[in-house]
**Student:** 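Let me begin by handing over the structure; questions about it come next.
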Amino acid sequence: MFYGTHSLSLYKKLKKMKLVFATNNQHKLDEVRQITAPYGIEIVSLADIHCQEEIPETAETLEGNAWQKAHFLQEKYGMDCFADDTGLEVEVLHNAPGVYSARYAGSGHDSEANMKKLLQNLAGEKNRKARFRTVIALTIGGKEYTFEGIVSGKITTEKRGEGGFGYDPIFMPDGYDKTFAELGNDVKNQISHRAQAVGKLGAFLASIS
């Protein structure tokens with residue numbers, strides 16, 4: 001599990017803290033809950049607070065989308081919360097799909113269609129360098145904070161593995177010969193972009209507890 005620069009003993013001192021995670025993506029929710037388990041943080045879902053609205057994501061940057069979601073939730077429900085936005089940035093495509101990663105092939109958030117389009121756009125391309133980048137926006141106690149996580153790697157030429165979600169079957173992180181989908185959640189949640197960003201979030205919350 002990823003703990004940043006702080007020891008596990010520090011996290012054990014963290015008081016039970018409740019934060020709303022502004023997402024409707026069950027995969028993200030499950031992943032973040034697993035990553036934050038050692039920190040003593042209770043991650044509350046939108047369903048838990050009976051929020052059934054579609055939270056807007058219309059900004060042109062990952063940072064903008066994360067803050068748009070966090071501000072929406074805080075202003076409407078008045079609760080401490082955090083939101084994230086994640087993008088896959090492919091070097092040869094000038095960092096596309098980036099902020100449009102979830103809807104790369106259309107508005108339906110279809111992972112299979114997104115992967116198919118990306119593989120087609122990279123057909124015959126030797127430079128397959130890419131990176132996943134996650135930005136977390138936290139609003140707590142009337143103050144705002146941002147955390148970022150990045151993992152570099154490359155796009156494979158075909159899908160590999162059945163685990164994970166999104167682009168995981170075609171993204172191979174540097175230093176590994178397997179995709180995120182092949183590595184499984186235990187390994188992914190130690191090294192991923194989201195693990196890094198959530199680790200920084202946990203370390204910060206520990207420092208203010």
Side-chain angles (χ1 to χ4, degrees), residues 1-4 21 23-37 57 59-66 69 83-136 147-202:
M1 201 63 69
F2 182 83
Y3 302 116
F21 183 21
T23 185
N24 286 308
N25 186 318
Q26 188 62 43
H27 292 294
K28 279 188 180 182
L29 180 63
D30 292 343
E31 190 171 279
V32 167
R33 280 176 169 165
Q34 183 176 350
I35 295 169
T36 57
E57 293 182 76
E60 293 299 315
T61 64
L62 299 178
E63 292 84 354
N65 270 343
K69 291 184 285 186
D84 87 313
D85 199 25
T86 294
L88 176 64
E89 300 174 341
V90 181
E91 184 176 270
V92 75
L93 299 179
H94 307 288
N95 289 335
V99 72
Y100 302 106
S101 294
R103 52 192 187 277
Y104 191 44
S107 60
H109 291 225
D110 186 330
S111 295
E112 291 296 326
N114 289 338
M115 286 188 286
K116 181 178 180 180
K117 179 178 179 178
L118 182 58
L119 291 176
Q120 288 176 340
N121 287 344
L122 290 177
E125 177 60 53
K126 292 183 179 180
N127 178 6
R128 306 185 76 86
K129 292 181 180 179
R131 68 178 188 174
F132 269 119
R133 188 163 69 93
T134 289
V135 177
I136 289 178
F147 309 92
E148 182 183 59
I150 296 173
V151 61
S152 298
K154 66 180 181 180
I155 303 301
T156 57
T157 57
E158 59 185 4
K159 289 172 54 182
R160 291 170 46 179
E162 301 297 326
F165 63 97
Y167 294 90
D168 285 357
I170 61 172
F171 181 82
M172 183 183 297
D174 287 346
Y176 294 83
D177 60 0
K178 294 181 179 180
T179 66
F180 269 163
E182 293 175 301
L183 288 171
N185 287 339
D186 287 346
V187 175
K188 179 186 174 184
N189 287 347
Q190 294 179 42
I191 66 172
S192 76
H193 45 296
R194 188 167 292 110
Q196 293 178 40
V198 174
K200 293 175 182 177
L201 170 68

**Student:** Check whether any side-chain heavy atom of D168 sits under 4.5 Å from a side-chain heavy atom of T179, and report yes or no.
**Tutor:**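 Answer no - side chains too far apart.
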**Student:** What's the separation between atom CD in Q196 and atom CD1 in I136, rounded to the nearest 0.5 Å?
**Tutor:**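 One gets 11.0 Å once the value is rounded to the nearest 0.5 Å.
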**Student:** Between G64 and A59, what is the shortest heavy-atom contact and its length?
**Tutor:**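 Shortest heavy-atom contact: C-CB, 3.3 Å.
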**Student:** A side-chain contact here means heavy atoms from C-beta on lying under 4.5 Å apart; do T61 and V99 qualify?
**Tutor:**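 Heavy-atom side-chain distance check fails, nothing below 4.5 Å.
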**Student:** Go through the side-chain N and O atoms of N114 and Y100 and say whether any donor and acceptor fall under 3.5 Å apart.
**Tutor:**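 No, no side-chain donor-acceptor pair sits under 3.5 Å.
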**Student:** Nearest 0.5 angstrom please: F165 CZ to F180 CZ, how far?
**Tutor:** 10.0 Å
**Student:** Would you say that L118 contacts I155 through its side chain, given a criterion of any heavy-atom pair below 4.5 Å between the two side chains?
**Tutor:**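 Yes, their side chains come closer than 4.5 Å.
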**Student:** Is it true that D186 and Q190 share a donor-acceptor pair across their side chains at a distance under 3.5 Å?
**Tutor:**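 There is no such pair between these side chains.
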**Student:** Measure across Y167 and P97 and return the closest heavy-atom pair with its distance rounded to 0.1 Å.
**Tutor:**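 Closest approach of Y167 to P97: OH-CG, 3.8 Å.
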**Student:** Just verifying a value: how many Å separate K154 NZ and L122 CG, rounded to the nearest 0.5 Å?
**Tutor:**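 K154 atom NZ to L122 atom CG measures 12.5 Å (nearest 0.5 Å).
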**Student:** Is it true that R103 and D110 make a salt bridge, defined as a side-chain N closer than 4.0 Å to a carboxylate O?
**Tutor:**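 A salt bridge is absent here (no side-chain N lies under 4.0 Å from a carboxylate O).
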**Student:** Report the distance from atom OG of S111 to atom NZ of K116, rounding to the nearest 0.5 Å.
**Tutor:** 14.5 Å
**Student:** Determine, step by step, whether E148 and K200 satisfy the salt bridge (Lys or Arg N to Asp or Glu O under 4.0 Å) criterion, reporting the C-alpha distance in whole Å, the side-chain angles of both residues, the deciding distance to 0.1 Å, and the verdict.
**Tutor:** CA-CA 8 Å; E148 182 183 59; K200 293 175 182 177; 5.8 Å; no
**Student:** After noting the C-alpha distance and the side-chain angles of D85 and E57, does the key distance pass the side chain to side chain contact (heavy atoms under 4.5 Å, CB included) rule?
**Tutor:** CA-CA 9 Å; D85 199 25; E57 293 182 76; 3.6 Å; yes
**Student:** Quick check: does any side chain N or O of N95 sit under 3.5 Å from a backbone N or O of E89, one acting as donor and the other as acceptor?
**Tutor:**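 Between the backbone of E89 and the side chain of N95 there is no qualifying donor-acceptor contact (under 3.5 Å).
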**Student:** Under a 4.0 Å threshold between the charged nitrogen and the carboxylate oxygen, would E91 count as salt-bridged to R131?
**Tutor:** no
**Student:** Test salt bridge (Lys or Arg N to Asp or Glu O under 4.0 Å) on E63 and R133; report intermediate values, then the result.
**Tutor:** CA-CA 10 Å; E63 292 84 354; R133 188 163 69 93; 2.9 Å; yes
**Student:** To the nearest 0.5 angstrom, please state how far the CG atom of N189 sits from the CD1 atom of I35.
**Tutor:**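 Rounded to the nearest 0.5 Å, the CG-CD1 separation comes to 4.0 Å.
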**Student:** Distance-only, no hydrogens or angles: does the N127 side chain make a donor-acceptor pair with backbone N or O of K129 under 3.5 Å?
**Tutor:** yes
**Student:** Can you tell me how far the CE atom of M115 sits from the OG1 atom of T156, to the nearest 0.5 Å?
**Tutor:**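 Here the interatomic distance stands at 9.5 Å.
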**Student:** Keeping K117 on the side-chain end and Y104 on the backbone end, is there a donor-acceptor pair under 3.5 Å?
**Tutor:** yes
**Student:** Would you indicate whether the side-chain heavy atoms of R128 and M172 approach each other to under 4.5 Å?
**Tutor:**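 No, side chains not in contact.
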**Student:** Could you check if a side-chain atom of Y176 sits within less than 4.5 angstrom of a side-chain atom of I191, using non-hydrogen atoms only?
**Tutor:** yes
**Student:** Describe, in one word, how the ring planes of H193 and F132 are oriented to each other, choosing from parallel (under 30°), tilted (30 to 60°) and perpendicular (over 60°).
**Tutor:** parallel
**Student:** Pick from D84, V135, T86: which one makes a side-chain contact (heavy atoms from CB on, under 4.5 Å) with L62?
**Tutor:** V135
**Student:** Using every non-hydrogen atom in the two residues, find where A197 and G149 come nearest and quote the distance to one decimal.
**Tutor:**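 In this case the closest contact between A197 and G149 is CB-N, 3.7 Å.
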**Student:** Where is the tightest heavy-atom contact between V151 and P173, given as atom of each residue plus distance?
**Tutor:** CG2-CB, 4.2 Å
**Student:** Of all heavy-atom pairs between A83 and A66, which one has the smallest distance, and what is that distance?
**Tutor:**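 Closest approach of A83 to A66, heavy atoms only: CB-O, 3.4 Å.
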